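Please read the structure below before turning to the comments.
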There are 2 protein chains.
Amino acid sequence: MLAGISVSCLGLPRGSFPDAQVSAPDLGSLFRRQPIEKVETGAAVFWEGDEATHVFEVVEGVLRVFKIMSDGRRVITGFIYPGDLLGVSLKDHYLYTAEAITPAKLRRFARSRFQDEINRCPELRPQLFAQFCDEMAAAQDQMVLLARKSAEERVSSFLLLIARRRAGGRPTSPLLAVPMTRLDMADYLGLTIETVSRSMSKLIACGVIAPSGRSAIIIRQLARLARLAGEGDGDDDEDRPPTMTSVRRAVWPH
Amino acid sequence: MLAGISVSCLGLPRGSFPDAQVSAPDLGSLFRRQPIEKVETGAAVFWEGDEATHVFEVVEGVLRVFKIMSDGRRVITGFIYPGDLLGVSLKDHYLYTAEAITPAKLRRFARSRFQDEINRCPELRPQLFAQFCDEMAAAQDQMVLLARKSAEERVSSFLLLIARRRAGGRPTSPLLAVPMTRLDMADYLGLTIETVSRSMSKLIACGVIAPSGRSAIIIRQLARLARLAGEGDGDDDEDRPPTMTSVRRAVWPH
DNA sequence: CGGTCGGTTGAAGCGCATCAATCCAAGTGG
DNA sequence: CCACTTGGATTGATGCGCTTCAACCGACCG
């Protein structure tokens, strides 16, 4: 049994609090002096079972993180966006494989040095804790999705998730990049590509979304999408900033 | 959107490392001076959305931790055993409801005090991190189960999980207490009670397990159960201590 | 231009959900 | 003590949602 943990936050960009003083040391700044490494589409950053030697920060691009059962069944446990950390763990082997689904740029940090920094700087720890908690909350939402949601609810939930994760999460343009293939979506949602495709077609047919080029969509009816996603008691109120009620507050009150 | 995180370890009893010096402060010892509170079967310790005021340590009994969708669908995200922590989070509201499924005993600790202790004692932090990582690893295994395993694989995986979690995880008696109802199992495994029941009947029929009283079973063929659970490349070798290859080592090498 | 890859769409089948009847053990009250 | 109730579990019959299998399409590329 192998080990390794990613700390991918839910999409709230670190280092950009409304009240951030520029020089406050944050997790991102740890990496700032590291050289940027490029990873091309489809290439792996590390494999499940590899010795966990480094922690990574994603600077650009999107990665998938997945586990594979012995008979080949694949489960994508998450997608990693710019600003997220990858490979943070106390275990000595990575728990999963990480592959780029777009050309990506990363910074690398030796695990031991990363841990030293965390131990040295008390103000970094709350941020790390916060990311763990966000990641755990996301994992639990995913369990709800996988255990009880229908195919259409899953696809709707997924579109909402990546829409809200879009850097900054602000309610800008309804144009949404969807860099992952149907197979990626299927393996993330516990479905087949055909079912994902059919669900997308249905969402398009009823006007909730519209295709825009090969790997982007336009969300035409956000509130309706949220209702289709199984987010109950959603009084229909178009374009309320997506759950800005719980923006990420104090972060472990120190 | 609500928040709250449990840190339930995978069943490795804290405070009992092979090389533990008795007085080393560990997470469990924090609670040792707190009075024990009893919770009767079915009673909740806290509800999803409650203000997260306390952290709990389970001393005795088993709890379920779950989320409910707006239309009533329930998903149990985990079961909490003695030695596990409950309610650890940086968020200010609990992410889920916690209910006793057997008579239980808990110790309570104010969240702010808990955080103070964590910040004060550097040797507690690695333990907390380790629990987060174990919890995250368990969540990922659960995602694999929910996304890709068949009903029979799910039930087999579940039995293996609680068998391995049994305090100490040592390969003692094959008698396994199953304190949860079929409904609990179903809501944990993303199935219905009927399907759980049928899968159990099938496991009994083919001799892998045997019923023992109303809420316990005997595991007759552990290796075969593991194979049925979808744990690939399992060469059949009865009663190897269950995955003792990765027992939980150094815990954040400091 | 054929070849490949990702996506869409249709038809058929299967695994699990649903509906329903029955059973069993453990109360509970007359 | 025994009828009656109640909650959990089992088992069967039926139906549906998703998978599976298969054909086809469009974009991209050597």
Side-chain angles (χ1 to χ4, degrees), chain A residues 41-42 64 69 71-76 99 101-102 145-159 177-206 209-217 228 230, chain B residues 40-42 64 69 71-76 99 101-103 145-159 177-206 209-217 228 230:
Chain A
T41 302
R64 65 178 160 239
M69 293 176 62
D71 60 355
R73 285 174 280 183
R74 185 179 77 158
V75 178
I76 294 181
E99 280 178 5
I101 64 174
T102 71
L145 181 148
L146 292 170
R148 291 288 179 229
K149 288 191 181 179
S150 71
E152 215 179 292
E153 289 173 322
R154 293 183 199 203
V155 171
S156 301
S157 298
F158 172 73
L159 294 178
V178 184
M180 47 291 284
T181 67
R182 294 287 183 266
L183 183 58
D184 288 331
M185 291 172 60
D187 285 347
Y188 181 65
L189 298 174
L191 299 170
T192 61
I193 50 174
E194 293 95 334
T195 301
V196 171
S197 185
R198 276 184 254 267
S199 300
M200 293 284 289
S201 298
K202 204 164 161 192
L203 288 176
I204 292 167
C206 70
I209 63 174
S212 169
R214 196 120 193 94
S215 61
I217 61 162
L228 288 171
Chain B
E40 59 191 12
T41 301
R64 66 178 159 238
M69 294 176 61
D71 61 354
R73 284 173 281 183
R74 185 179 77 158
V75 178
I76 293 179
E99 281 179 4
I101 65 175
T102 70
L145 181 148
L146 292 170
R148 290 288 177 230
K149 288 191 180 178
S150 71
E152 214 179 293
E153 287 174 323
R154 294 183 198 203
V155 171
S156 300
S157 298
F158 172 73
L159 294 177
V178 184
M180 47 291 283
T181 66
R182 293 290 183 265
L183 184 57
D184 288 329
M185 292 171 61
D187 286 347
Y188 181 66
L189 299 174
L191 300 170
T192 61
I193 50 174
E194 293 94 334
T195 301
V196 171
S197 185
R198 274 184 256 267
S199 300
M200 293 284 289
S201 298
K202 204 164 162 192
L203 288 176
I204 292 167
C206 68
I209 63 173
S212 170
R214 197 120 194 94
S215 58
I217 62 163
L228 289 171

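In what follows, chains carry the letters A, B, and so on, assigned in the order in which the sequence lines appear, proteins first and then strands, with residues in each chain numbered from 1. Keep in mind that what you see is a predicted model, and the values were worked out from it rather than measured.
- Distance CZ (A:R73) to P (D:dT20): 10 Å, rounded to an integer number of Å.
- The separation between A:I193 atom CD1 and D:dT19 atom P is 11 Å, rounded to whole Å.
- Contact check, B:S201 against D:dT11: a side-chain N or O comes under 4.0 Å of OP1 or OP2.
- Screening residues 193-204 of chain A for salt bridge (charged side-chain N to carboxylate O under 4.0 Å, His left out), with sequence neighbours left out, gives A:E152-A:K202.
- How far CG of B:L228 is from CG of B:L159: 10.5 Å, rounded to the nearest 0.5 Å.
- The minimum heavy-atom distance between B:I193 and B:A186, with the atom names listed, is N-CB, 3.7 Å.
- To the nearest angstrom, P of C:dT8 lies 12 Å from CD1 of A:I217.
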Can you give one letter per nucleotide of nucleotides 21-28 of chain C, going 5' to 3': B for a protein heavy atom under 4.0 Å from the base, S for sugar-phosphate only, - for none? --------

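- C:dG7 atom C1' lies 16 Å from atom CE of A:M180, rounded to whole Å.
- A donor-acceptor pair is defined here as one N or O able to donate and one able to accept, closer than 3.5 Å; such a pair exists between the side chain of B:S199 and the backbone of B:T195.
- The NZ-C1' distance, from A:K202 to D:dG17, rounds to 10 Å in whole Å.
- Atom CG of A:L183 and atom P of C:dT8 are 13 Å apart (whole Å).
- Under a 3.5 Å cut-off, the side chain of A:R154 and the backbone N or O of A:L146 do form a donor-acceptor pair.
- Atom OH in B:Y188 sits 8.5 Å away from atom CE in B:M180 (nearest 0.5 Å).
- Salt bridge A:D187/B:R148: present, at least one basic N to carboxylate O contact under 4.0 Å.
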Which letter, B, S or -, goes with each nucleotide of nucleotides 11-20 of chain C from 5' to 3', with contact meaning a protein heavy atom under 4.0 Å? B----SSBBB

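- The backbone N or O of A:E153 sits less than 3.5 Å from a side-chain atom of A:S157, completing a donor-acceptor pair.
- Between A:R73 and A:D71 there is a salt bridge, since at least one side-chain N of the basic residue sits less than 4.0 Å from a carboxylate O of the acidic one.
- The nearest whole Å value for the distance from the CZ atom in A:R154 to the P atom in D:dC18 is 8 Å.
- Rounded to whole angstrom, the span from the CG atom of A:D184 across to the P atom of C:dC5 amounts to 15 Å.
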